[in-house]
Structure formats: structure tokens, C-alpha cells
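Taking it in order: structure first as C-alpha cells, then the write-up.
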Amino acid sequence: MRDTADYLDQLKRHPAAMWLGFALVGAALAALPFVVGLGGQTWVRIANLALLYVMLALGLNIVVGFAGLLDLGYIAFYAVGAYSYALLASPHFGLHLPFWIILPVGFLVACVFGVLLGAPVLRLRGDYLAIVTLGFGEIIRIFLNNLNAPVNITNGPQGITLIDPVRLGSLSLATTERFAGLTFTGPVKYYYLLLVLVLVIIVINVRLQDSRIGRAWEAIREDEIAAQAMGINLRNIKLLAFAMGASFGGVAGGMFSAIQGFISPESFGLFESIIVLTMVVLGGMGNIPGVILGAVLLSVFPEALRYMSPLQNAVFGRELIDAEAARLLIFGLAMVLIMLFRPAGLLPSDVRKRELAMRSD
Amino acid sequence: MLLELIGLEVAYGGIKAVKGIDLAVARGELVCLIGANGAGKTTTLKAVCGLVYPRAGRVYYDGDDITGTPSHRPVARGLAMVPEGRGIFRQLTVEENLAMGAFVRGDRQGVRRDLEQVFELFPRLAERRTQSGGTLSGGEQQMLAIGRAMMSRPKLLLLDEPSMGLAPLLVQRIFQTVQEISREGVTILLIEQNARLALEIAVRGYVMESGTITLAGPAAELLADPKVREAYLGEIVAAEPAIERDRA
């Protein structure tokens, strides 16, 4: 990271080079759906899924990476956001609110749930916090599963169907359109919307990390009593971490609803929480580029495995391992290897690197 | 009085750790609170900082009742604390630790100036500015903790056992610095087991024993008090005349 930081410093001294870099990355990101689209729309959908996971991982990174609060029920906020969107834009209640109303609503509802979870666990840390948040995640899922009686709110295990796609004015993101000689399919349009949201979240994250709030999170992660002695309001700063993390999860959930058109409680199980946490830890807790990398790798990886069997057929003439069935095994193995060789994550934050260096002293 | 405790009582569950004490620190004073392990000194300090809620009694700071208010509030009003065991942010660098001490302040230039001042006070910290707090020695960590507390430009500095776990020579050095800080006009309440050193630099002292204040007065008087000398300075008072007779 030191090298990257130095590199960034150098870049700052050459604004032209910096803007050129941004332009190149921007162009690559803008062209991406058309490039991967050559292999079929499935790949655009995978890119969208990766962007959703990047949002989730960045949100969880605030809670786990910045503030050091281990949250094992993070997916609950994704669920809350997804159901907020689904209930406000589907035939289930007959509501079809516009996107620019639902998005902030999803954000706020998830934010409130973040505070609801945060308030009772203010005094907890480490293992105890992990257990309570794990329970919270399950409670939300079980509620969603059972809130179809006596009053049908969530439609229970059947889930909610026919959720409206995102509409911005007269532009529906679900239909295919041709513009300037390019074909913009539904997934491609969603890709650009997700990309914008991800960029906004990245900017907020970077700004937060460098702010007083970011420093306060750093302090409570290290030592709560000392942080209080520095004049940090422990309660507010912890609640803020939960609320900020949750609201990003909520936005991601809303987008998930819109893209899928169908949601049910089983999409929001414990395993999803663990996957998102894995992305954060594996990429590099507390380091924004690392977390993004972790999210992209881990969301694309299982999809890439689908291509293993044709590959094996081509190389060995038959299928040696059923990659689909061995998905979790390969996943686990990759995790173990990465943690062995890069224990602070693929792109560790400076602080995590120091921590590990200190332990080996 | 900058800090005043009236009838302070703190209990952990059913056990009273502090049994109704009165203590006052005037502006500019260096006051020490001495006593053995478990006498209730740290608990008293925690009650002042709002880290534990007192069962009875009041805490006044700078004219206001701060009994039981969460600790960030008095801190924002110039109360700085060096917690027991120093409370260094181990993974942050020396400089980041010091910057954290100025968390409640908004004046960036003043903070930068004070940073240089702390480095003047403790040149050792300047040498180690980019090193992480956890890699410092015990003495350096204590310097860092005091320096960090100074970064908030405190009116009142609460020190909890700065001598803990340090080599005698380092303790001397730390106490000298405490005295220097006091001379600069910062009011200090020093909590110490090392009674002799604390009384030597303090103006006044309180002696705490199992939750109550048993003696109070000017530090010089306490240093001469036979009870204090026997209990806290490790001298055998009764044997003294005999030694003098031998010399004669």
C-alpha cells in the first residue's frame, strides 16, 4: 500500500496524468458491458451482480473495517432495502412509486434498521457482538418469511413477484433500445445505473475515511476507553457506523429487487452475510480498493466456475471434477490459501499491515 | 475550584469501592491522590470522567455539575485524561496518536504548533513519529499518552499511575515532565502508588485507604507525617530515634 500511496502522491503532483488515468479507467468501465456483452448478456448480469456486491462490501467495510464492529447479520439490511423497494413498487400492495422516491426510502428504512440493531449492542464487542448481529440477521429473515399472516405484508416464503423495473422519467431500464448505433439492453442500462451508485458510494467512503468521523472510527476500533478520553462520543459514532453501513446495504437491496423483479426471504440467508464478510476480509479490511477487489473476485469467481466443465472436456476429453458441485470446496481452498499467503487481505490497509507486523515481532 | 468531588460514592455491584469522599483541586494546582492498590483511586478517576456512574455524591468541573455525564463532554471542555495502562492506539503511528489527542479541537494551525511543542517536551517521540504506538517501550508509551493528552490543550489533566511498570530512572523523567506541565499552568490531579515521588512534586495530597480519604493536606506535611511514612514510604518510624542515638 505504501507503494500505491507514494504512487498516488506522485500522481497528485501531475494532475494531467491523474486525469488521464481517471479518463482511461472511466472509458474502460464505460466500455465494459459491451465488451463482456460479446460473450452474452449473462456476463453483463454477472457484472451487475459484482457491482451489487461491491456496494454491499463497501457498506459492511464501514462497520467492520473502519469501526471494527464485527457484523455477521449484514445481509438483513440488504433484505430490508430489497423489501422496501418491492413493497413500494409491485402489484402486491398495488403501489408503483417512482424510483427517485423509493431509493431514498430504502436508504432511510435501512438506516433506521441500522440504528435499531446498533442501539442495543452499543456495549458489546468482538464475539458477543458477532453473535447478536448474527441473530439479528436471522430474525429479519424469519420475520420476512412469516409476515404473511395474520396480515399479509411480505407474502411469506412465496416472496414478492412482478416488481417494477427502474424507470427514470419515461426511460424504462428493463427494455432494449438502440442509440447511436449501440444496443442498450436492460442489463446494460442497469450496469450504468449501478456504476453511478457505486461511484457515489466510493466517493462517500473515501471522504468519510479521511474525515473526523473516519478518525473517530479508527480510534474506537483500537481502544474504546482511550477514544472516549479523546472526546469521542462513543454512542453516536458507533450508531453512525451501523447506520451508514446499513443504508448502503439498503440501496444495494433496492437495486437487487429492481433487477431481479422477484425476491423471497431465501435470498437473504446467513451464507450471504458470510460471503460479503469474506469479500471484505479477503480483499483487505478497511482498505477501499481492497474491498472492491475482494467483492469483484468473489462474485465473479463462482460464475467463472460454470465454464470449468467445457474447459475440462476440451483439455482432458472428459470432466474430471464437477466444478459446480465443488464450488464451496474450491471457494474454501482459495480462502485458506489467500489467508496463508496474504493474511491481511489481497490489498491490505496500512493499519492492518502494521498490526500483523507487530504480532510477528 | 476547578474540580470538586462532594460525597462521591461508587459501587461495583454490592461492593463499595469509593465510600463518600470529598476532594478538590484549585486552578493551577498539582494535587496527588495516593494510596495502595485497590484503595479506590482509579475508580474515583473513572467517576470523574464519566466512565462509571457514581452511586451518590456530585462531581463539579469548572463550575458545572458533570456527575455521570458521558466522558466526551467534559473532555470537550478541557478535561484530559491519561487512562490507566496508557490506552495508546497501538496500530496508529506516534503522530496519528497525537493528532487523535486534538480530536475535539478545530484549529489546525494551533494543533500543528502544539504537536511540535509535544515533540520538544519529549524529543524521543519526535524520533519515533512514524513508528506505530504498539512498538514503543513502556516509558515511550507513557510519554505518548501524556503528550496526547496535552494535545487537547487541557485545563485539567488527570494522570492515572504514570509510574506503572516503568524503570525508576524513567519514572523520574516522567515526573519531571509532569512538574514542567504543571508550571506551564495546567491543573493536574495525579493518581499514584509511588507516594514519595508524587508528594515531592505535588502541592497538596490526599491519602486514600479502602475507599475513604484518611489524610489530606499540603504535600510537605504529608511527606513528614509518620503515618504516611510508615504506610506508604516504607519507613519504620518507631526505629528512627534508635538510629539517631547510634549516630550520636
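All chains are named by letter (A, B, ...) in the order of the sequence lines, taking the proteins before the strands, and each is independently numbered beginning at 1.
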**OP:** Assess whether atom CZ of Arg207(A) is packed by more than 12 heavy atoms of other residues, nucleotides or ligands within 6.0 Å.
**Re:** no
Original post:
Do other residues, nucleotides or ligands put more than 12 heavy atoms under 6.0 Å from Leu337(A) CG?
Top reply: yes
**OP:** Step through the shown structure and confirm whether more than 12 heavy atoms of other residues, nucleotides or ligands are within 6.0 Å of NZ on Lys238(A).
**Re:** yes
Original post:
Does a sphere of radius 6.0 Å around CG in Asp210(A) hold more than 12 heavy atoms from other residues, nucleotides or ligands, not counting ones at 6.0 Å or beyond?
Top reply: yes
Original post:
With distance as the sole test, does Arg212(A) use its side chain to make a donor-acceptor pair with the main-chain N or O of Phe103(B) at under 3.5 Å?
Top reply: yes
Subject >> Residue Leu158(B) versus chain A: region with a heavy atom under 4.5 Å >> reply: neither
Original post:
How about Glu218(A) and Leu92(B): do any of their side-chain heavy atoms sit closer than 4.5 Å?
Top reply: yes
Original post:
With respect to chain A, which residue among Cys49(B), Gly87(B), Gly85(B), Ser71(B) yields the maximal number of heavy-atom pairs within a distance under 4.5 Å?
Top reply: Ser71(B)
Subject >> Spatial distance of atom CG (Asp223(A)) from atom CD (Gln91(B)) [nearest 0.5 Å] >> reply: 10.5 Å
Original post:
Are there more than 12 heavy atoms of other residues, nucleotides or ligands under 6.0 Å from atom CZ of Arg112(B)?
Top reply: no
Subject >> Arg148(B) portion near chain A, given a 4.5 angstrom heavy-atom threshold >> reply: side chain
Original post:
Taking side chain as C-beta onward, heavy atoms only, is His72(B) less than 4.5 Å from Asn233(A)?
Top reply: yes
Subject >> Crowding at CZ, Phe301(A) (>12 non-hydrogen neighbours, <6.0 Å) >> reply: yes
Subject >> Interface moiety of Ala99(B) toward chain A, non-hydrogen atoms closer than 4.5 Å >> reply: both
Original post:
So, Glu222(A) side chain and Arg90(B) main chain: donor-acceptor pair closer than 3.5 Å or not?
Top reply: yes
**OP:** Starting at CD1 of Ile232(A), measure out to CE of Met100(B) and round the result to the nearest 0.5 Å.
**Re:** 6.0 Å
Original post:
Roughly how far, to the nearest 0.5 Å, is the CZ atom of Phe89(B) from the CZ atom of Arg215(A)?
Top reply: 10.5 Å
Subject >> Test item: Leu51(B) and Gln228(A) side chains (from C-beta on) under 4.5 Å apart, heavy atoms >> reply: yes
**OP:** May I ask you to check whether over 12 heavy atoms, not counting those of Tyr128(A), lie within 6.0 Å of atom OH?
**Re:** no
